Structure formats: structure tokens, C-alpha cells
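Have a look at the structure below before the remarks.
This structure is a prediction, so every number in the text was calculated from the model and none was measured.
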Amino acid sequence: MSDASPIWTRPERGSRGPQPGHSRDEIVAAAVALADADGLAAVSMRAVAGALGTGAGSLYRYLSSRDDLLDLMTDRVIGELRPYPEPGPDPMDTLLELAGRQLGLYRRHPWLIDLLTRPSGIGPEGLAWFDHCLRVLGPVRCSSAAKFEALAMMTGVVTLFVRQERAAPPPAFTGFDLTAYPHLIAAFGDPGAPRADLFERALRGLLGALLSQ
């Protein structure tokens with residue numbers, strides 16, 4: 001069972017046992033490397049210990065459970081969003097830059113998406129990220145509730161794009177008789193020019209609407 005206090009507030013290691021051969025930071029780095037290579041399912045206390053050349057039991061001098069490890073992994077990679085861009089004259093431009101950094105982070109660590117909803121997952125780096133986003137939105141004249149909604153939706157759009165990139169391509173309509181579907185026939189007959197920058201267009205439209213309330 002995990003300690004009642006968050007992992008962020010606990011000492012680096014327990015006070016009992018022999019002198020540790022590894023630091024908590026080394027353990028988290030090994031876990032992140034495993035997740036990047038083989039997915040989150042590959043991250044177990046035994047697998048991380050094996051990557052470090054030690055026994056699984058030794059990791060419990062630093063962590064109480066795999067949940068602690070997942071929390072530390074989440075916060076570690078969120079720290080890669082630093083250094084944050086300074087707020088510019090247009091908060092929307094800066095917010096889009098921050099969203100672009102989120103997109104890059106989730107592409108590098110696709111397993112992170114599966115940890116975002118963990119109630120214990122937000123740590124010091126996550127708090128610093130949200131604090132900076134609110135700083136960027138400081139000049140925007142709307143309620144704090146609207147700003148939190150906008151930031152939540154920003155993360156949702158980033159997540160949606162990353163999941164879409166990882167998904168199988170949509171089914172093709174070739175081989176089907178579309179006679180009974182005139183609107184599909186019309187759309188395929190005149191698709192128009194491809195539209196670029198869907199990520200930015202979607203976020204500008206969504207965030208602009210949410211922050212204008």
C-alpha cells in the first residue's frame with residue numbers, strides 16, 4: 001500500500017536499510033526509457049530494477065508502489081516543457097506556442113496520455129505548467145473558471161491530435177456503391193483544396209470562444 005502523503009513530499013529514500021546504489025532520479029529515468037521503448041505496460045518494479053541491474057526489492061527503499069513511480073514519471077517528463085515561453089503581446093499566440101510544446105511532449109512520450117487522469121498524478125512540474133499558463137492568460141478579461149476550462153480543452157485537443165496520429169487510418173469508401181448517399185458523392189466529387197494547420201485553427205477557434213465569455 002502507498003504512503004498516505006504524496007510522493008513529492010516524502011524523503012528521497014527510507015531511513016532504514018543499506019546505503020542505496022541508485023538515486024530516485026535514476027529509477028525514474030530508467031522507467032521513462034522503458035515506457036518510451038515498449039509502452040507503459042513494460043514498466044514494472046521488476047523491469048525497472050532489471051534495467052538498473054538490481055533487485056526489485058531494493059526499489060522499495062525509494063518508492064512505496066508502482067503508483068509512486070508513475071507519478072514521478074509523469075512529473076519528470078512534464079518538466080521537459082521548460083523553459084516556458086515568456087508572455088507576448090498576444091496571449092493567444094503564447095498559448096498556442098505552449099500547446100505546440102504539449103503536442104511535442106506527447107509525441108515523444110505517448111504513454112503520458114494514459115496517465116493524465118490519475119488523481120495523484122499532478123506534481124510540482126504540472127503545477128508550475130498550469131501556473132505559467134494562467135500567467136499568460138493574466139491580461140485576458142474573463143473569469144478564472146473560463147481560463148481553467150480553456151486550459152483543460154487545450155490539453156484535450158492536444159491529446160485528441162496525438163491519439164489520432166497513433167490510430168489506424170480511417171476506412172476507405174472504395175468498393176462501395178454510394179448511390180444511396182448523395183451528400184457523400186457530392187463531397188468526394190468536390191473536396192476542395194487541403195486545409196493546413198488544423199491544430200492551430202481548431203485551438204484558435206475553441207480558445208477564442210471560451211475566453212471571450
Side-chain angles (χ1 to χ4, degrees), residues 6-8 24-44 47-48 51 66-88 91-137 146-170 194-211:
I7 184 63
W8 336 104
R24 182 187 283 175
D25 190 64
E26 288 174 321
I27 294 169
V28 176
V32 168
L34 283 172
D36 288 346
D38 299 312
L40 203 58
V43 179
S44 66
V48 174
R66 182 175 182 266
D67 285 337
D68 285 346
L69 182 58
L70 297 179
D71 288 345
L72 290 170
M73 290 168 63
T74 300
D75 209 52
R76 180 187 178 92
V77 297
I78 289 176
E80 294 177 16
L81 293 168
R82 295 179 183 269
Y84 306 139
E86 286 297 313
M92 183 68 73
D93 288 341
T94 309
L95 207 59
L96 288 172
E97 184 177 351
L98 289 164
R101 293 192 184 193
Q102 271 190 312
L103 184 64
L105 180 72
Y106 296 166
R107 284 171 172 167
R108 292 194 302 274
H109 308 291
W111 49 268
L112 179 60
I113 293 175
D114 297 323
L115 298 181
L116 292 178
T117 57
R118 287 168 53 81
S120 60
I122 187 164
E125 290 294 343
L127 291 172
W129 164 260
F130 280 114
D131 187 73
H132 185 77
C133 290
L134 290 171
R135 177 189 171 199
V136 169
L137 291 175
K147 293 177 182 180
F148 278 117
E149 288 174 352
L151 294 178
M153 292 304 297
M154 181 178 81
T155 297
V157 169
V158 171
T159 301
L160 175 65
F161 270 76
V162 174
R163 289 194 186 278
Q164 186 64 33
E165 291 172 353
R166 296 163 56 189
R195 302 182 68 187
D197 302 321
L198 177 59
F199 180 72
E200 180 175 340
R201 286 189 289 110
L203 276 177
R204 279 192 182 276
L206 179 62
L207 296 178
L210 290 172
L211 294 170

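- Here Glu165 pairs with Arg107 under the salt bridge (charged side-chain N to carboxylate O under 4.0 Å, His left out) rule; sequence neighbours left out.
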Could you go through residues 124-131 and list every donor-acceptor pair under 3.5 Å that involves a side-chain atom there, pairing it with any protein atom two or more places apart or in another chain?
residue : atom : partner : partner atom : Å
Glu125  : OE1  : Arg82   : NE           : 2.8

From CA spacing to verdict: side-chain contact (heavy atoms from CB on, under 4.5 Å), Leu81, Leu98: CA-CA 8 Å; Leu81 293 168; Leu98 289 164; over 6 Å; no
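- Here the straight-line distance linking atom CG of Leu72 with atom CD1 of Ile7 works out to 5.0 Å at 0.5 Å rounding.
- Checking side-chain atoms of Lys147 against main-chain N and O of Leu211 turns up no donor-acceptor pair under 3.5 Å.
- Annotation for Tyr84: atom OH counts as buried by contact number, over 12 foreign heavy atoms lying within 6.0 Å.
- Under the rule for a salt bridge (charged side-chain N to carboxylate O under 4.0 Å, His left out), the partners of Arg204 that lie at least two apart in sequence or sit in another chain are Asp93, Glu200.
- Note that CG of Leu198 and CG of Leu203 are 9.5 Å apart. Values are rounded to the nearest 0.5 Å.
- Minimum interatomic distance between Ser44 and Arg66 (heavy atoms only, all atoms of both residues): CA-NE, 4.3 Å.
- Note that CG of Leu137 and NE2 of His132 are 10.0 Å apart. Values are rounded to the nearest 0.5 Å.
- In terms of the salt bridge (charged side-chain N to carboxylate O under 4.0 Å, His left out) criterion, Asp38 has no residue partners (sequence neighbours excluded).
- A heavy-atom distance below 4.5 Å is not found between the side chains of Met154 and Leu96.
- The main-chain N or O of Gly88 is found under 3.5 Å from a side-chain atom of Thr94 such that the two form a donor-acceptor pair.
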Might you work through the side-chain contact (heavy atoms from CB on, under 4.5 Å) test for Gln102 and Thr159, ending with a clear yes or no? CA-CA 9 Å; Gln102 271 190 312; Thr159 301; over 6 Å; no
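- The shortest non-hydrogen separation linking Val48 to Ile27 is CG1-O, 3.7 Å.
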Before you tell me yes or no, could you show the steps for Trp111 and Val32 under side-chain contact (heavy atoms from CB on, under 4.5 Å), namely the whole-Å CA-CA distance, both residues' side-chain angles and the distance that decides it to 0.1 Å? CA-CA 9 Å; Trp111 49 268; Val32 168; 4.1 Å; yes
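- Tyr106 pairs by the ring pair (Phe, Tyr, Trp, His ring centres under 6.0 Å) definition with nothing, not counting sequence neighbours.
- One distance of note links CD of Glu149 with CG of Leu206; it measures 10.5 Å at 0.5 Å rounding.
- Nearest heavy-atom pair across Met92 and Gly208 is CE-N, 3.6 Å.
- Summarising the geometry, atom SG belonging to Cys133 is positioned 6.0 Å from atom CG belonging to Leu95; distances are rounded to the nearest 0.5 Å.
- Between Ala51 and Ala30, the shortest heavy-atom contact is CB-CB, 4.5 Å.
- Residues that satisfy the salt bridge (charged side-chain N to carboxylate O under 4.0 Å, His left out) test with Arg163, not counting sequence neighbours, are Asp114.
- A pairwise comparison of heavy atoms in Pro87 and Val136 identifies CG-CG2, 4.1 Å as the closest pair.
- Shortest non-hydrogen contact noted between Asp67 and Arg118 is O-NH2, 3.1 Å.
- Put simply, CG on Leu112 and CD1 on Ile78 are 5.5 Å apart, with the number rounded to the nearest 0.5 Å.
- Proximity of Leu40 to Leu70: side-chain heavy atoms (C-beta onward) are separated by under 4.5 Å at one or more points.
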Please evaluate residues Arg166 and Ile113 with respect to the criterion side-chain contact (heavy atoms from CB on, under 4.5 Å), reporting the C-alpha separation (whole Å), side-chain torsions for both, the decisive distance (0.1 Å), and the verdict. CA-CA 12 Å; Arg166 296 163 56 189; Ile113 293 175; 3.8 Å; yes
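- Using modelled atom types and a 3.5 Å distance limit, the side chains of Trp8 and Asp71 yield no donor-acceptor pair.
- Put simply, the side chain of Arg108 never gets that close to the backbone of Asp36: no donor and acceptor are under 3.5 Å apart.
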